[in-house]
Structures are given as structure tokens and as C-alpha cells.
Engineer: 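Just dropping this structure here.
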2 protein chains.
Amino acid sequence: MKTADPNIMTLEELKDKNYGKPGTKKRNELEAGYENFKIGVLIQQARIEKGLTQEELAIKVGTTKSYISKIENNIKEARLSTLRKIVELGLGGHIELSIKLK
Amino acid sequence: MKTADPNIMTLEELKDKNYGKPGTKKRNELEAGYENFKIGVLIQQARIEKGLTQEELAIKVGTTKSYISKIENNIKEARLSTLRKIVELGLGGHIELSIKLK
DNA sequence: ATCTTTGTTGCACTTTAGGGAAACTTTATT
DNA sequence: AATAAAGTTTCCCTAAAGTGCAACAAAGAT
């Protein structure tokens, strides 16, 4: 049973909610790099906000719930192209990748 | 022969310089998604600003110049872990990955 | 307590593409 | 033009992404 909320929050808000405001220890850790970044958690949060089950998301994307589970738990490092499919087809969002120098 | 400039600009500045200010057609295209994003071009620009050859960068990262070439020309989609190595070990920066919903 | 629904995990398998070695091309230098 | 340096492309192999299935564990609902 799902209670989809069409009024989803941005991931920035989600991050604030789940990992603390920018500057806090936990938030810094989250944003330090990929290993700590745990992209899976972000996907999970977004999915839940959308009121989707893993299986529903999987079907939208064209995969299985077991794979979604593994991505959310960072058991497998998905390719960028796969992450994009999940976020775009499944969640109606998009990924931004940026490089910060020095 | 290289003319390394220790005073490198941020990638934001590089993007402005090479793809126009935010809002322009070209810039929008660049930021639309990974396919158009051409992360390779950003890496190439950063490398050149650092005054490094592909081979020098490759050695710092622990890979080969042929691979760097492929990444810069978007022939291969590098893994996130590899992109991180290139940016962190090779260019002294870091990658940020974010998901934007709706 | 039991029946559903949702999520996790393990195993095995196929396919993909990440990444290296070396040959080749292009560009720069003298 | 010749030599060297920088960059590109081809070929190849293997690591891992991707997948399915099925069994299992939690969590909820009745």
C-alpha cells in the first residue's frame, strides 16, 4: 500500500533531513566522495518520497527489485548510464555530475 | 613543452569560457545529462590548465595515456571510481554527484 | 498468529565495457 | 624534412555490471 505524495521535496531537502545541514560531520562525510557518498541512499530516499516500492521502480526502469535493492544498499556500483535510467525513467529526475578543482 | 599555470581556474569558470554562461543553448545542452555532458571535455580542459600531458596524468592516476584519451573523447564511459581517481589523484579536485528531482 | 507485501541476499550465469599494450597518426620542434 | 613528443585507434582480455530466480527475512495488515 502506497501513499504517493505528488509534492516531493528536492534531494537537497532530503539530504538536510537525513544527513544534517551542510557543514555537519555526517553531511561532510556524505559528500566527501563516492565511497562515502552512498548514492544508493539518495535513490532510496527519492523512491520513498515518490511512494514507489522497489518492484514498481524496477518495472519502470526495466529491471528487477533485487537489483534495485543492491543499488540502494551500495552492494553494486551501478554505471552512470544505469543510474541515469533509474533516476530519469523511474523517478522523473536527473543526475548532475560536476568536478570541483582545487 | 608545457607551460603549467599554477593559478588554475575552477571548472565553473572553464565551463563559462568554453560553453557559454548558464542559460545559453550550448550550456543547457552541456548540462542536460551525461550523454551530452561530455565529462571528458571537462577533464581535458582541467588537464590542460594544469599543464599536464595525457601521459603525465595517466601516470599520476595509475593508468595509461590511451585510456585518458578515450575518456577525454567520450569514447568510453569511465566508472565513477575511475573518474574519481583521475580527478582526485591526477587533478587535485573532487567529483560531486547529485540527483535533482522534478 | 497468519497471511501479504516489501525488501534482502545468495548463487549462477551472460554480457558488457573498462582498461592495457602496442601500433599508428598527428602535431610540434629543430 | 627528420626526429621527437603528444594524442588516437585497434585489438584483445578479463573484471564486473547486469540479470534472473528463488529462498529468506521484516514489516504490516487482518
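We name chains A, B, ... by the order of the sequence lines, and we start the count at 1 in each one.
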Engineer: Mark yes or no for whether A:Lys50, through its side chain, and A:Leu91, through its backbone, hold a donor-acceptor pair below 3.5 Å.
Structural biologist: yes
Engineer: Could you tell me whether B:Ser66 contacts a base, only the sugar-phosphate backbone, or nothing, with contacts defined as non-hydrogen atoms closer than 4.0 Å?
Structural biologist: base
Engineer: Which whole-number value in Å describes the distance from B:Ile68 CD1 to D:dG7 C1'?
Structural biologist: 12 Å
Engineer: List for me each residue that meets side chain to side chain contact (heavy atoms under 4.5 Å, CB included) alongside A:Ser69, sequence neighbours excluded, and say none if there are none.
Structural biologist: A:Gln54, A:Asn73
Engineer: Does A:Ser66 have any side chain to side chain donor-acceptor pair (under 3.5 Å) partners at least two apart in sequence or in another chain, and if so, which?
Structural biologist: A:Thr64
Engineer: What nucleotide among D:dT19, C:dT8, D:dG7 has an atom nearest to a side-chain atom of A:Gln44?
Structural biologist: C:dT8
Engineer: Tell me the salt bridge (Lys or Arg N to Asp or Glu O under 4.0 Å) pairs involving residues 64-74 of chain A, sequence neighbours left out?
Structural biologist: A:Arg47-A:Glu72
Engineer: Taking OP1 and OP2 of D:dT8, is either one under 4.0 Å from a side-chain nitrogen or oxygen of B:Asn73?
Structural biologist: yes
Engineer: In this structure, how many angstroms lie between the C1' atom of C:dG7 and the CD1 atom of A:Ile48, rounded?
Structural biologist: 11 Å
Engineer: Without decimals, in angstroms, what is the distance between A:Leu80 CG and D:dA16 P?
Structural biologist: 17 Å
Engineer: Can you name the side chain to side chain donor-acceptor pair (under 3.5 Å) partners of A:Thr82, sequence neighbours left out?
Structural biologist: none
Engineer: Restricting to side chain to side chain contact (heavy atoms under 4.5 Å, CB included), what partner residues turn up for A:Lys60, sequence neighbours left out?
Structural biologist: A:Leu52
Engineer: Could you pull out all residues at least two apart from B:Arg79 that satisfy salt bridge (charged side-chain N to carboxylate O under 4.0 Å, His left out)?
Structural biologist: none
Engineer: Taking only nitrogen or oxygen atoms into account, show me every contact under 3.5 Å that the protein makes with nucleotides 13-18 of chain C, one pair per line with its distance.
Structural biologist:
{"residue": "C:dG18", "atom": "OP1", "partner": "B:Glu77", "partner atom": "O", "Å": "2.7"}
{"residue": "C:dG18", "atom": "OP2", "partner": "B:Glu77", "partner atom": "N", "Å": "2.8"}
{"residue": "C:dG18", "atom": "OP2", "partner": "B:Glu77", "partner atom": "O", "Å": "2.7"}
{"residue": "C:dG18", "atom": "O5'", "partner": "B:Glu77", "partner atom": "O", "Å": "2.8"}
{"residue": "C:dG18", "atom": "O3'", "partner": "B:Arg79", "partner atom": "NH1", "Å": "3.1"}
{"residue": "C:dG18", "atom": "N7", "partner": "B:Lys76", "partner atom": "NZ", "Å": "3.0"}

Engineer: Using only side-chain N and O atoms of A:Arg47, determine if any of them is under 4.0 Å from OP1 or OP2 of C:dT6.
Structural biologist: no
Engineer: What's the closest nucleotide to the side chain of B:Ser69 if the choices are C:dA21, C:dC11, D:dT9?
Structural biologist: D:dT9
Engineer: Could you state the CG-P distance from B:Leu57 to C:dG20, rounded to the nearest angstrom?
Structural biologist: 12 Å
Engineer: So which one's nearest nucleotide on DNA chain D is more toward 5', B:Gln54 or A:Lys85?
Structural biologist: B:Gln54
Engineer: Mind checking whether B:Ile68 and B:Ile43 have side chains closer than 4.5 Å, heavy atoms only?
Structural biologist: no
Engineer: Within the 4.0 Å heavy-atom criterion, would you say B:Thr63 contacts the bases, only the backbone, or no part of the nucleic acid?
Structural biologist: sugar-phosphate
Engineer: Any side-chain heavy atom of A:Leu101 sitting closer than 4.5 Å to one from A:Ile99?
Structural biologist: yes
Engineer: What integer distance in Å separates A:Lys70:NZ from C:dA12:C1'?
Structural biologist: 11 Å
Engineer: Return the value, rounded to whole Å, for the distance between atom CD1 of A:Ile43 and atom P of C:dT8.
Structural biologist: 13 Å
Engineer: Using C1' atoms of five pairs at each end, report the bend of the helix from C:dA1-D:dT30 to C:dT30-D:dA1 rounded to 10 degrees.
Structural biologist: 50°
Engineer: Distance check needed: C:dC24 P versus B:Lys65 NZ, whole Å only.
Structural biologist: 14 Å
Engineer: Tell me if a side-chain donor or acceptor on B:Glu88 pairs with a main-chain N or O of B:Lys85 at a distance below 3.5 Å.
Structural biologist: no
Engineer: Taking CD1 from A:Ile59 and P from D:dT19, how many angstroms apart are they, rounded to a whole number?
Structural biologist: 14 Å
